Amino acid sequence: MIARVIVDVPVNRTNRPFDYRVPEWLVPLMKTGSRVIVPFGPRKLQGYVIGLEEAAEQGAADKLRDVEQVLDDQPPLSDELIRLGEWMSKQYLCPWVTALQAMIPAVLKGKSEKWLLASDQLEEEMCGRSPLLWELFRRKQLPLAEVEKHFPEEAMLVPGWISSGLLSTGYQVTDRVTRKQQSFVRSLLTREELAAAAESLPARAEQMRRVLQLLIEQEGQSFSVKMLQEELGITRSPLKSLESRGWIAIEQLEVYRDPYAHRRFAAAQKPVFTDQQEHVLEAVQLSIKKNEYGAFLLHGVTGSGKTEVYLEAIEETLARGREAIFLVPEISLTPQMVEKFKARFGNEVAVLHSALSQGERYDEWRKIIRKEVSVVVGARSAVFAPFQNVGLIVIDEEHESSYKQEETPRYHAREVAIWRAKENNAVLLMGSATPALETYALAERGRYTLLSMPDRVGNRPLPRVHVVDMREELRSENRSMFSRQLHEMIGERLARQEQMVLFLNRRGFSTFVMCRSCGYTLRCVHCDISLTYHRTNHTARCHYCGYTIKQPSHCPECQSEHIRFFGTGTQKVEEELARLFPGIRVIRMDVDTTSRKGAHEELLRKFRTGQGDVLLGTQMIAKGLDFPRVTLVGVIAADTSLFLPDFRAAEKTFQLLTQVGGRAGRHELEGDVVIQTYTPEHYSIMHATRHDYPSFYREEMLQRRRTGYPPYFRLVLITFSHEEVPVVIKAAHLVADYLRPRLAETTILLGPVASPIARVKDRFRFQIMLKYRDESRLPDLLAQATSAFEEWNKQQKVLMTIDVDPYVLL
Ligand code: ADP
Ligand code: ZN
Ligand code: ZN
């Protein structure tokens with residue numbers, strides 16, 4: 001037997017399967033999709049078996065090197081996922097192996113050690129053969145390496161024992177066994193014998209009698225030692241004595257680490273659907289019934305009841321014996337969200353998100369592999385859930401940029417979802433109040449079916465939006481970060497004991513130059529994106545093309561001298577609030593206050609239970625939060641995201657303002673939204689104010705066409721980094737020079753130019769951007785360019801990354 005293996009050497013040169021011979025003794029364990037250890041050059045590496053074949057001719061396999069070890073008894077990768085990996089490798093120009101690694105839990109990637117856990121049946125197999133090894137197994141689980149070292153003969157039999165279920169395997173993370181074990185008590189006696197045993201106990205053995213009593217009452221059940229101790233109020237020693245008398249067995253059994261185990265979930269009631277929900281569901285359910293690929297974009301305003309639609313569609317899918325994947329942005333994967341799913345689908349649900357420990361993630365993932373669940377709720381990487389029969393993939397908030405992975409493999413979960421939906425004849429349902437421009441454009445062109453829910457459930461009004469022109473405030477001598485209107489409204493809320501959310505629209509990188517008198521910002525004359533301020537030499541520079549000007553001392557538009565770079569932090573807002581409203585209770589949520597595990601959830605709980613008047617935060621409070629007592633949402637400075645050096649700046653601002661606005665007045669109390677801005681006339685602010693997505697969409701599409709950006713053009717961003725500027729420049733030019741003569745005439749190559757963030761951790765960064773409309777040869781061309789680069793780079797250690805359809809242009 002020959003195994004075709006993708007080895008863990010993530011470079012272009014080795015981006016293909018290598019053949020290995022499967023020795024006879026490993027054949028029982030060998031399956032497609034398993035991880036293996038293989039020799040590669042002088043090293044031993046982990047690899048993935050992507051195919052098995054019989055040798056074409058006798059002896060052909062003998063020239064090959066041997067697979068040394070099979071790491072899995074149940075392959076973590078299905079045929080579908082292997083093919084998906086191949087597709088991703090071509091689509092995103094990443095090594096196949098990195099795509100496969102992205103699909104499995106982190107625990108299985110590293111240099112983890114394989115452990116063996118024996119079942120009772122193994123004793124028979126092993127008796128006589130190796131009593132010593134059995135004795136070791138009986139006491140604890142053993143690392144495979146140990147067995148191989150001290151019992152080489154038995155080690156040869158291990159694969160067979162695993163495949164027949166006599167041994168199971170696990171992986172060690174650092175020094176913790178990933179499988180969690182608990183001690184359980186099981187009776188070894190019949191009911192009558194137990195009763196007799198209880199009789200025979202001396203009077204003072206009260207605790208032992210209590211245990212026996214329980215075992216009699218709940219005949220045939222096992223109890224965890226922990227639970228017995230808690231429920232019966234006993235110590236461990238009576239259990240030990242019962243064990244030593246041979247009446248009970250105390251066994252180590254595997255349990256899942258379920259982070260939601262301690263919560264109880266009330267079974268959910270379905271609402272009576274609104275007409276709009278009914279309409280949408282009809283279309284989706286029809287498609288689910290047909291068992292063929294169908295893709296839908298659900299455009300529904302905030303509060304229109306999209307979640308109920310998703311739940312119903314999932315239920316329909318499960319009823320047909322198929323599985324469902326529900327993707328949400330990491331940040332909206334809140335306990336409330338999980339609760340909704342658990343309430344509806346109980347133990348059918350696995351939850352995957354990054355707040356779980358590695359072990360917890362591994363456990364949740366294994367529930368899928370073992371077919372114990374049929375719904376997965378999770379962030380981006382849950383799109384790789386190893387289901388065998390996916391019937392539905394839902395992507396909530398489909399416009400969210402967190403669906404794009406910002407490290408290799410730089411995939412977009414939406415594209416992977418489309419691939420899987422097609423492959424499985426499944427339905428893809430994407431929902432948002434503010435769909436990504438690319439998605440909406442494809443829906444208009446008929447690639448997705450467009451469904452819409454324009455009204456809130458119960459005809460609750462959308463909140464009133466007030467736009468405050470901050471230039472006016474400056475003219476009226478108000479230099480505070482709060483406008484008079486927002487100041488007044490905060491005061492009112494405090495008096496009425498209602499809650500508010502204050503939102504600081506800020507991303508780490510907000511150093512554009514703006515005139516505070518007229519709102520004018522410096523923009524590149526070639527690229528129409530904001531220029532970035534450079535403190536060191538007081539210049540403003542375009543980071544797409546390199547255009548640079550000196551920081552002006554007066555505004556070119558109105559001659560005011562109030563022109564400078566821009567940016568405020570949450571901490572400053574908090575101080576200002578405390579100064580203006582003594583005694584105000586502010587709950588601040590930003591990267592500083594939420595870095596600790598669970599802090600995020602804790603702060604929200606505090607706010608929900610009324611321990612704060614104001615929830616103050618950045619992007620992370622914009623989504624998915626639902627607080628009944630919030631009647632005011634304030635956006636401190638809407639412009640900060642508007643002038644980032646990013647062609648999606650207007651779109652992101654529109655999305656943010658719409659999402660933030662959606663937080664107010666979701667329940668009985670009506671809500672107000674105050675947006676402070678220096679550019680109230682900007683179309684993304686105007687349309688967000690009116691909750692008017694279609695108008696925003698049309699205007700933004702015109703801009704994109706004019707400036708040549710997606711969805712009219714597609715982009716590839718190639719970034720280089722190295723400690724020395726001359727080296728990184730040389731690398732960038734090498735690749736640019738390779739590509740330029742070979743590209744189609746309609747393709748535009750911008751750069752090489754320094755990246756917007758020109759230095760990260762002492763590495764200088766340069767970039768090339770490709771803009772193209774139709775370039776079918778591009779993947780091949782980029783692969784060739786990569787090979788040429790790798791050849792040159794052997795001595796250099798320049799890092800090159802290729803980002804197809806990039807989201808972060810910094
Ligand atoms: P969206 O995801 O579109 O913002 P949600 O699904 O969160 O909206 O729904 C908003 C609120 O309306 C939630 O509190 C939800 O429980 C409630 N809701 C949804 N559908 C109905 C319905 N048909 N009848 C009554 N309440 C509903
Ligand atoms: Zn430019
Ligand atoms: Zn000005």
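All residue numbers in this chain count up from 1 along the given sequence. Everything numeric in this text was worked out from a predicted model, so none of it was measured.
For the pair Arg740 and Tyr738, the cation-pi criterion (under 6.0 Å, within 45° of the ring axis) is not fulfilled.
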Can I get a per-line list of side-chain donor-acceptor pairs under 3.5 Å for residues 85-94, giving both atom names and the distance, sequence neighbours left out?
from	atom 1	to	atom 2	distance (Å)
Ser89	OG	Asn15	ND2	3.3
Ser89	OG	Cys94	O	2.9
Tyr92	OH	His412	N	3.4
Tyr92	OH	Glu415	OE1	2.4

Let me check something: any side-chain donor-acceptor pairs from residues 376-385 under 3.5 Å, sequence neighbours excluded? List them with distances.
from	atom 1	to	atom 2	distance (Å)
Arg380	NE	Gln405	OE1	3.3
Arg380	NH1	Ser402	O	2.7
Arg380	NH1	Lys404	O	3.3
Arg380	NH2	Gln405	OE1	3.4
Ser381	OG	Arg361	NH2	3.2

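Looking at heavy atoms from C-beta onward, Asp66 lies in side-chain contact with Arg21 at the 4.5 angstrom threshold. Contact of the Leu81 side chain with the Pro386 side chain is registered, since non-hydrogen atoms from C-beta on lie closer than 4.5 Å. No side-chain heavy atom of Ser755 sits less than 4.5 Å from a side-chain heavy atom of Phe720. Within the 4.5 Å cutoff, the side chain of Met800 has heavy atoms near those of the Thr786 side chain. With contacts defined as side-chain heavy-atom distances shorter than 4.5 Å, the pair Leu734/Asp737 does not qualify. The shortest side-chain heavy-atom distance between Arg35 and Pro76 falls under the 4.5 Å cut-off. A heavy-atom distance below 4.5 Å is not found between the side chains of Asp805 and Pro710. The shortest side-chain heavy-atom distance between Tyr20 and Arg65 falls under the 4.5 Å cut-off.
Put simply, OG1 on Thr317 and CZ on Arg322 are 8.0 Å apart, with the number rounded to the nearest 0.5 Å. Between the CG atom in Asp73 and the CG atom in Leu29 there is a gap of 7.0 Å [rounded to 0.5 Å]. One finds the OG atom of Ser78 at 11.5 Å from the CG atom of Asn389 (value rounded to the nearest 0.5 Å). Rounded to the nearest 0.5 Å, atoms CG (Leu108) and CE (Met103) are 14.0 Å apart. Between atom CG of residue Leu770 and atom CG of residue Leu778 there is a gap of 6.0 Å, rounded to the nearest 0.5 Å. For the atom pair CD of Gln101 and CH2 of Trp96, the computed distance is 13.5 Å after rounding to the nearest 0.5 Å.
Side chains of Asp396 and Tyr310: a donor on one and an acceptor on the other come within 3.5 Å. Side chains of Glu372 and Asn347: no donor on one and acceptor on the other come within 3.5 Å. For Ser374 and Glu348, the side-chain atoms include at least one donor-acceptor pair closer than 3.5 Å.
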Is there a side-chain contact (heavy atoms from CB on, under 4.5 Å) between Leu715 and Met769? Walk through the geometry before answering.
CA-CA 7 Å; Leu715 306 179; Met769 190 171 350; 3.9 Å; yes

Begin with the C-alpha distance, continue with both residues' side-chain angles, and end with the deciding distance and a verdict on side-chain contact (heavy atoms from CB on, under 4.5 Å) for Phe766 and Val735.
CA-CA 12 Å; Phe766 263 69; Val735 172; over 6 Å; no

Criterion side-chain contact (heavy atoms from CB on, under 4.5 Å) on Leu749 and Ile768, from CA distance to verdict:
CA-CA 7 Å; Leu749 187 149; Ile768 299 170; 3.7 Å; yes

Using the side chain to side chain donor-acceptor pair (under 3.5 Å) rule, take Glu398 and Thr439 through it: C-alpha gap first, then chi angles, then the decisive distance, then the call.
CA-CA 9 Å; Glu398 69 81 32; Thr439 311; 2.8 Å; yes

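Annotation: Arg447, atom CZ; neighbour count of heavy atoms from other residues, nucleotides and ligands within 6.0 Å does not exceed 12. Shown here is Lys31, whose NZ atom has more than 12 heavy atoms of other residues, nucleotides or ligands within 6.0 Å.
With sequence neighbours excluded, the residues satisfying ring-ring contact (aromatic ring centres under 6.0 Å, His included) with Phe341 are Phe326. The side chain to side chain contact (heavy atoms under 4.5 Å, CB included) check on Asp19 picks up Ile2, Arg4, Leu64, with sequence neighbours excluded. Checked against salt bridge (charged side-chain N to carboxylate O under 4.0 Å, His left out), Arg777 has the following partners two or more places apart in sequence or in another chain: Glu775. Residues passing the side chain to side chain donor-acceptor pair (under 3.5 Å) test with Thr801, sequence neighbours excluded: none. Looking at residues two or more places apart in sequence or on another chain, you find a side chain to side chain contact (heavy atoms under 4.5 Å, CB included) between Pro711 and Leu437, Glu438, Ala441, Met701, Arg704. Applying the side chain to side chain contact (heavy atoms under 4.5 Å, CB included) rule to Leu26 yields the partners Val22, Pro23, Val67, Val70, Pro159; only residues at least two apart in sequence or on another chain are considered. Residues passing the side chain to side chain donor-acceptor pair (under 3.5 Å) test with Asn425: none are found, sequence neighbours excluded. Remark: Glu80 engages Arg420, Asn424 in a side chain to side chain donor-acceptor pair (under 3.5 Å) (not counting sequence neighbours). Applying the ring-ring contact (aromatic ring centres under 6.0 Å, His included) rule to Phe18 yields the partners Phe40; only residues at least two apart in sequence or on another chain are considered.
Residue pairs meeting the salt bridge (Lys or Arg N to Asp or Glu O under 4.0 Å) criterion with at least one member in residues 41-56, sequence neighbours excluded, are Lys44-Glu68.
For the side-chain contact (heavy atoms from CB on, under 4.5 Å) with Leu392, the qualifying choice from Leu428, Ile314, Val375 is Ile314, the only one to do so.
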